[in-house]
Amino acid sequence: MAAPLDVPAATPRARVRVPLRFADGYRVDADLVTFHGLVDGQEHLAVVLGKTDGAVPLVRLHSECLTGDVFGSARCDCGPQLREAVERIADHGGVLLYLRQEGRGIGLYNKLDAYALQDQGLDTYEANAALGLPEDARDYTAAAQMLRALGIDRLDLLSNNPDKADQLRGLGIDVRDRVPTGVFTTPHNLRYLRAKVLQTQHTLPLAELPLTDLSGRVPQPLAAPLS
């Protein structure tokens, strides 16, 4: 597919090899790629993993989540999704785009303000709206630029979010298939996950999500565990 005429090209800025190490012991080496010319001016990062050997690459657009990715917050599923995606992409060959879109694009402080409203009973989307902010402010134009700069215009997308695939297709990227991630529940993120299904049609198995979970058990994926 051709790129829309109003989307300028980005170019790779630097590429550096970095050994990644996770708390559960998983290790993999990745190439981290930075870019010139991204339309939103943000410092997004491409994490290139494995080798495709001619196959269609597996790609994830992962929005930055300081609370989940770094601090292990149980209020979302971002940290487990990031860990899962790195291994699955490394096994298949592809790219994880780490996008600076904290809080679905509203920023860290606003996200924490939304958390406070969620504690009062609002869901994740209602809380954003109560702050006068978009339910989801993310735009994936820069992601499409990054992919093209890496020579990728056809991919399988690792995501439960149909909006990511729709936006990429609208930007001229051929999304051959959308591959679901695992489903990672905790006693603290069930309302969040259910809201994603009901409000924005994420492809999560709603019937398998319990309404409440007060057992305090260790979070477990409902999908098959990583091998």
Side-chain angles (χ1 to χ4, degrees), residues 1-22 26-71 78-79 81-111 136-159 161 163-176:
M1 295 182 182
L5 295 178
D6 57 348
V7 178
T11 56
R13 173 183 174 276
R15 186 172 182 134
V16 60
R17 192 74 166 168
V18 175
L20 305 183
R21 304 294 182 261
F22 291 84
Y26 178 70
R27 302 183 173 205
V28 68
D29 292 340
D31 285 348
L32 305 188
V33 184
T34 58
F35 299 87
H36 288 301
L38 298 179
V39 292
D40 59 7
Q42 296 295 314
E43 293 186 333
H44 304 303
L45 187 71
V47 184
V48 182
L49 295 152
K51 296 181 179 180
T52 60
D53 295 324
V56 174
L58 183 63
V59 172
R60 175 163 176 78
L61 312 186
H62 187 90
S63 296
E64 177 182 50
C65 179
L66 178 72
T67 50
D69 297 342
V70 177
F71 297 126
C78 302
Q81 281 191 325
L82 176 63
R83 164 65 182 85
E84 175 199 39
V86 167
E87 184 169 351
R88 290 178 68 175
I89 295 171
D91 288 345
H92 180 89
V95 181
L96 183 143
L97 299 186
Y98 197 83
L99 305 173
R100 311 303 296 273
Q101 300 172 328
E102 185 79 47
R104 296 196 302 276
I106 66 173
L108 179 61
Y109 281 17
N110 284 329
K111 182 175 85 169
D136 191 335
R138 290 173 294 182
D139 179 281
Y140 299 109
T141 303
Q145 289 182 291
M146 295 162 74
L147 291 167
R148 283 204 174 82
L150 295 170
I152 298 172
D153 59 11
R154 188 168 191 250
L155 55 86
D156 289 336
L157 185 65
L158 182 61
S159 178
N161 184 354
D163 183 55
K164 292 181 179 180
D166 290 344
Q167 285 202 41
L168 286 181
R169 289 183 176 122
L171 291 160
I173 300 295
D174 181 3
V175 180
R176 185 183 70 165

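- Under the 4.5 Å side-chain criterion, counting only non-hydrogen atoms from C-beta, Thr141 is not in contact with Asp40.
- With rounding to the nearest 0.5 Å, the separation of CG in Asp153 from CG in Leu147 is 9.5 Å.
- Nearest heavy atom pair, residue Ala144 against residue Ile173, reads CB-CG1, 4.1 Å.
- Of all the heavy atoms in Thr52 and Gly94, the pair that sits closest is CG2-N, 4.1 Å.
- A salt bridge links Asp136 with Arg138: the closest approach of a Lys/Arg side-chain nitrogen to an acidic carboxylate oxygen falls below 4.0 angstrom.
- Counting only heavy atoms from C-beta outward, the side chains of Arg27 and Pro19 never approach each other to under 4.5 Å.
- A donor-acceptor pair under 3.5 Å is formed between the side chain of Gln145 and the backbone N or O of Val39.
- Asp69 and Ser63 make their closest contact through OD2-O, 4.2 Å (heavy atoms, listed as atom of the first residue, atom of the second, distance).
- Nearest heavy atoms, Phe35 versus Ala149: CE2-CB, 3.8 Å.
- Residues Asp166 and Tyr140 form no side-chain contact, since every pair of their non-hydrogen atoms from C-beta on lies 4.5 Å or further apart.
- The backbone N or O of Thr34 lies less than 3.5 Å from no partner atom in the side chain of Arg13, so there is not a single donor-acceptor pair.
- Side-chain atoms of Gln42 never come within 3.5 Å of backbone atoms of Leu99 as a donor-acceptor pair (strictly under, hydrogens ignored).
- Of all the heavy atoms in Gln167 and Asp139, the pair that sits closest is OE1-CA, 3.6 Å.
- Annotation for Ala142 and Leu38: closest pair O-CD2, 3.9 Å, computed over non-hydrogen atoms.
- For His92 (side chain) and Gly50 (main-chain N/O), no donor-acceptor pair under 3.5 Å exists by modelled atom type.
- Residues passing the ring-ring contact (aromatic ring centres under 6.0 Å, His included) test with His62 are Tyr98, sequence neighbours excluded.
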- [ ] Could you check Leu49 against Val86 for side chain to side chain contact (heavy atoms under 4.5 Å, CB included), going step by step and ending with a plain yes or no?
- [x] CA-CA 7 Å; Leu49 295 152; Val86 167; 4.2 Å; yes
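- Side-chain contact check for Leu168 versus Val59: every heavy-atom pair is 4.5 Å or farther apart.
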TODO: Begin with the C-alpha distance, continue with both residues' side-chain angles, and end with the deciding distance and a verdict on side chain to side chain contact (heavy atoms under 4.5 Å, CB included) for Gln81 and Arg60.
DONE: CA-CA 10 Å; Gln81 281 191 325; Arg60 175 163 176 78; 3.0 Å; yes
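- By the 4.5 Å heavy-atom criterion applied to side chains, Thr67 and Lys111 are counted as neighbours.
- Contact of the Val95 side chain with the Val33 side chain is not registered, since no non-hydrogen atoms from C-beta on lie closer than 4.5 Å.
- Between the side chain of Lys164 and the backbone N or O of Leu61 there is at least one donor-acceptor pair closer than 3.5 Å.
- In this structure the side chain of Asp31 never reaches within 4.5 angstrom of the side chain of Val16, judged on heavy atoms.
- The shortest side-chain heavy-atom distance between His44 and Leu97 does not fall under the 4.5 Å cut-off.
- Side chain of Arg154 to main chain of Val56: no donor-acceptor pair is present (N/O by atom type, distance under 3.5 Å, no hydrogens or angles).
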